[in-house]
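First up is the structure itself, then whatever we jot down about it.
Chain A is the first sequence line, chain B the second, and so forth, proteins listed ahead of strands; every chain is numbered from 1.
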Number of protein chains: 4
Amino acid sequence: MNFNEHKPIYLQISDSICEKILNNEYLEDERIPSIRELGTMLGVNPNTVMRSFEYLKSIDVIYDKRGVGFFISPDARRAVKAIYKDEFMNTELPAIIKKIKLLEIDINDLSKKISRELGMKESS
Amino acid sequence: MNFNEHKPIYLQISDSICEKILNNEYLEDERIPSIRELGTMLGVNPNTVMRSFEYLKSIDVIYDKRGVGFFISPDARRAVKAIYKDEFMNTELPAIIKKIKLLEIDINDLSKKISRELGMKESS
Amino acid sequence: MNFNEHKPIYLQISDSICEKILNNEYLEDERIPSIRELGTMLGVNPNTVMRSFEYLKSIDVIYDKRGVGFFISPDARRAVKAIYKDEFMNTELPAIIKKIKLLEIDINDLSKKISRELGMKESS
Amino acid sequence: MNFNEHKPIYLQISDSICEKILNNEYLEDERIPSIRELGTMLGVNPNTVMRSFEYLKSIDVIYDKRGVGFFISPDARRAVKAIYKDEFMNTELPAIIKKIKLLEIDINDLSKKISRELGMKESS
DNA sequence: GTGGTCTAGACCACC
DNA sequence: GTGGTCTAGACCACA
């Protein structure tokens, strides 16, 4: 896994798990790798992974069975999607719109470009 | 001014100045408020403002006349626009596209929504 | 059975057995369910139940006949009551008093509320 | 500070801060000691203190000014009181009532004892 | 085996 | 100076 420089690793780990949930790579009630496993897999200290899990637990995306491990919460996909969508709509989208205005970008060009990208990625 | 939680304050100050330049609120060779003025206006430590100005100076958006103050560089608007556009296209846009895919957002709906917003804002 | 988050499961199992003893649901020299039975009943690893039984045995609340099962000790009710009362008076009560002070709760209201609850529960 | 053996230190630190708020020893918008200060004061690793502060921040009892320190949130006292009272009423009180029934404790005796304690402590 | 807590110490960005 | 992140490693209780 390649970590972005300026974002805390533990949040990047959380994000990657959320994305796996959105992509149905992790299903609800499925066990995820243990803290130590994931730590060695990612070349990261177990404490860092734990912080990630703590965060995800605090927003009810995962739960733990004591002595067994962490599991994807039932309803996690819907919850993650809601959180992400909410943030996109209320925070990112206004920022995007502001930039489009500020930079005098043509929305039609942009829209076409995005559609093309989506098409490409879906067919790949 | 409301500062975002996760972005350094000095960068947010820089951004707001750049936005003013793009909006033609600050014109080239116009003097901007002094470090102390801006510090008290924003409720921020002058050191933080200073850092902001240092940054803007380093990317040639402002220049200083010693003992007089800081001024918008000639050509600043073009330069800022280039920097912002570059970042938008190469960093933000790919992230946006990824999210659109992940969240299964309809690009046509989105495009319409943005157009409507742009229309509204321009008429305001 | 709903387990509390922060208390070891094996102690919660022990507690529930002690409560049954205090309620005369388990009588002295009565056999209690086997480790495996209880494990499946509670959805818990047999090791955890075992640990519970070990603990109860160590404080002489149950005894085992090898090859037969675990049984409530003679005099268990008296012993459990003494242990619980001691803990209530010396540990819990001071904590309760501290909270009442801190939260500025009216002791008369509280006392009435408790009396009412006791009345209700006894009549049910 | 004497730490209880079986409760995480970081939660005990949080509790002690909440109690100071309830007792008006910390007032709203007052700065609390820095992580490092409190760490040395309590003979505890700064990381442990930070964990405490993270928790308190997550429940909006404190807030931070970047580069300056942590401060008691406006409205913290009311919020803490609500949290504590809620837990007392919904979790602790039912447990107390259960024990009183189970141990056949006389509610009147208990009430008198508590009143006496409250009287003593208030006059001390 | 699992997670949870804690320490020591380092390094960083920021104010 | 402040908080924030991360590592390394230890120890513990629990399942």
Could you tell me how far apart [X] ([atom1]) and [N] ([atom2]) are, to the nearest whole angstrom?
X     : N      : atom1 : atom2 : answer
A:K7  : E:dA13 : NZ    : C1'   : 18 Å
A:I32 : E:dT2  : CD1   : C1'   : 13 Å
A:I62 : E:dT2  : CD1   : C1'   : 14 Å
A:Y63 : E:dT2  : OH    : P     : 17 Å
D:K65 : F:dG4  : NZ    : P     : 15 Å
D:R51 : E:dG3  : CZ    : P     : 14 Å
D:K57 : F:dG3  : NZ    : C1'   : 9 Å
D:E54 : F:dG4  : CD    : P     : 7 Å

query = Going by the angle between their ring planes, with limits at 30° and 60°, are B:Y55 and B:Y10 parallel, tilted or perpendicular?
reply =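 The arrangement is perpendicular - the two ring planes meet at more than 60°.
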request  = Name the orientation class of the two ring planes belonging to D:F53 and D:F70 (parallel below 30°, tilted from 30 to 60°, perpendicular beyond 60°).
outcome  =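 Taking D:F70 first and then D:F53, their aromatic rings stand perpendicular (interplane angle over 60°).
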Select one nucleotide: of [options], the one nearest the side-chain heavy atoms of [X].
X     : options               : result
A:R31 : F:dA15, F:dG4, E:dT2  : E:dT2
A:S34 : E:dG3, E:dC15, F:dT7  : E:dG3
C:I9  : F:dA15, E:dC15, F:dG4 : F:dA15
A:Y10 : E:dG4, E:dC6, F:dT5   : F:dT5
A:P8  : F:dG3, E:dT7, F:dC6   : F:dC6
D:T48 : F:dG3, E:dT7, E:dG3   : E:dT7
B:N45 : E:dG4, E:dC15, E:dT5  : E:dC15

message = Go nucleotide by nucleotide along DNA chain F from the 5' end; which of A:R66 and A:P46 gets its closest nucleotide reached first?
response =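 Nearest-nucleotide comparison on DNA chain F picks A:P46.
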query = Can you find an N or O donor on one side and an acceptor on the other, under 3.5 Å apart, linking the side chain of A:R36 with the base of E:dG1?
reply =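 Not at all, since no donor on one side and acceptor on the other fall under 3.5 Å apart.
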message = For a quick check, tell me whether the side chain of A:N47 and the base of F:dG9 share a donor-acceptor pair closer than 3.5 Å.
response = yes
query = With both distances under 3.5 Å as the test, what is the Watson-Crick or G-U wobble partner of E:dT5?
reply = F:dA10
message = Mind checking if D:F53 touches a base, just sugar-phosphate, or nothing, with heavy atoms under 4.0 Å?
response = nothing
inquiry  = Need one value for C:V44: base, sugar-phosphate or nothing, where a base atom within 4.0 Å counts as base even if backbone is also close, heavy atoms only.
reply    = nothing
query = Does C:K99 make a cation-pi contact with D:Y84 (under 6.0 Å, within 45 degrees of the axis)?
reply =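 Because its charged atom sits under 6.0 Å from the ring centre and within 45° of the axis, C:K99 does stack over D:Y84.
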message = Would B:K65 and B:F71 count as a cation-pi pair here, with the cationic atom under 6.0 angstrom from the ring centre and within 45° of the axis?
response =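 The answer is yes; both the distance and angle limits are met.
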task = For residues C:F3 and C:V44, determine if any side-chain heavy atom of one lies less than 4.5 Å from a side-chain heavy atom of the other.
result = yes
message = If you assign each of A:G69 and B:L11 to its closest nucleotide in DNA chain E, which residue comes earlier from the 5' end?
response = A:G69
query = Are the charged groups of D:E54 and A:R51 less than 4.0 angstrom apart, N to O?
reply =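 Salt bridge flag = yes for A:R51 with D:E54.
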